[in-house]
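As a basis for the values below, the full set of heavy atoms in this structure was taken, side chains included, without hydrogen atoms, waters or symmetry mates.
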Amino acid sequence: MPYTDINNLELKSNEWLATVGFYREDLEILEERLAEVAAKNTHEEVLKEVEHFQNQFDIQKANMADYTSRIKDYVHLCAEDVKAHAGKVNVSLKKDQEQLGQELVSFEKIVKSLRADFNRFLAKRM
C-alpha cells in the first residue's frame, strides 16, 4: 500500500480549522447586526426576513460544528495511521483530504453568498 508524509495533511487540517473559525466569528458579528435590525424594526415583513437569516445562520453554524468535528476526526485518523506506519499515512487519506477540502470550498461560497444577501438586507433596513 502506498504512503505519504503526514506534514502535508496536517497543514491542510490546521488551515481548515482556522477557516471555519474565521467564519464562525464572522457569523457572530452578522448575528449581532441581525439583532440590531430586529430590535429596531417590528414590521411583520422585516421580522420574517430576520427569521430567515437567523435560520440560515443557525444552519451554517451547525455545518461549521460538523466540519470542525470531521476535520478533527480526520486528524485523529491520520495520527493513528502514522503510529501504525512509522511516520507515514496511507495515500487513501489524501483522497479523503481532497474531498473534505472541496466540501469546505463549497461551504465558503455558501457563507460568502449568505453574507452578501445579508448585507443587501441591511442596506434596505438600516
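Using a cut-off of 4.0 Å between Lys/Arg side-chain N and Asp/Glu carboxylate O, R24 and E28 are scored as not salt-bridged. Taking the charged nitrogens against the carboxylate oxygens, K48 and E45 have no contact shorter than 4.0 Å, which rules out a salt bridge.
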| message | Between D117 and F121, is the side chain to side chain contact (heavy atoms under 4.5 Å, CB included) condition met? List the steps. | response | CA-CA 6 Å; D117 291 346; F121 164 75; over 6 Å; no
| said: Between L104 and T19, does the side chain to side chain contact (heavy atoms under 4.5 Å, CB included) criterion hold? Intermediate values first, please. | reply: CA-CA 9 Å; L104 285 165; T19 298; over 6 Å; no
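Under a 3.5 Å cut-off, the side chain of N90 and the backbone N or O of S92 do form a donor-acceptor pair. S69 places no side-chain N or O within 3.5 Å of a backbone atom of A65 that could act as its donor or acceptor partner. With hydrogens and angles ignored, the 3.5 Å screen pairs a side-chain donor or acceptor of T68 with a backbone N or O of M64.
Residues F57 and L34 come closest through the heavy atom pair CE1-CD2, 3.9 Å. The two residues Q60 and L114 make their nearest non-hydrogen contact at CG-CD2, 3.9 Å. Contact record, A38 with V50: CB-CG1, 3.9 Å, taken as the closest heavy-atom pair. Considering every non-hydrogen atom in both I71 and W16, the closest pair reads CD1-CB, 3.5 Å.
Side-chain atoms of E98 and Q102 include no donor-acceptor pair closer than 3.5 Å.
Relative orientation of the F107 and Y23 rings is perpendicular, given thresholds of 30° and 60° on the angle between their planes.
A distance of 12.5 Å separates CG in L30 from CD in Q56, rounded to the nearest 0.5 Å. Atom OH in Y74 sits 10.5 Å away from atom NZ in K12 (nearest 0.5 Å). Once rounded to the nearest 0.5 Å, the distance linking CG of D96 with CZ of R70 reads 9.5 Å.
In the hydrophobic clustering of ILVMFWY residues, with side-chain heavy atoms under 4.5 Å counting as a link, V105 and Y67 come out apart. In this structure, F22 is a member of the same hydrophobic cluster as L100, with clusters built from ILVMFWY side-chain heavy atoms closer than 4.5 Å.
Every ring pair (Phe, Tyr, Trp, His ring centres under 6.0 Å) that H85 has, sequence neighbours left out, goes to Y3. Every residue meeting the salt bridge (charged side-chain N to carboxylate O under 4.0 Å, His left out) condition with D58, not counting sequence neighbours, appears here in chain and number order: K61. When the side-chain hydrogen bond (donor to acceptor under 3.5 Å, both in side chains) test is applied to D26, the partners found at least two apart in sequence or on another chain are R115.
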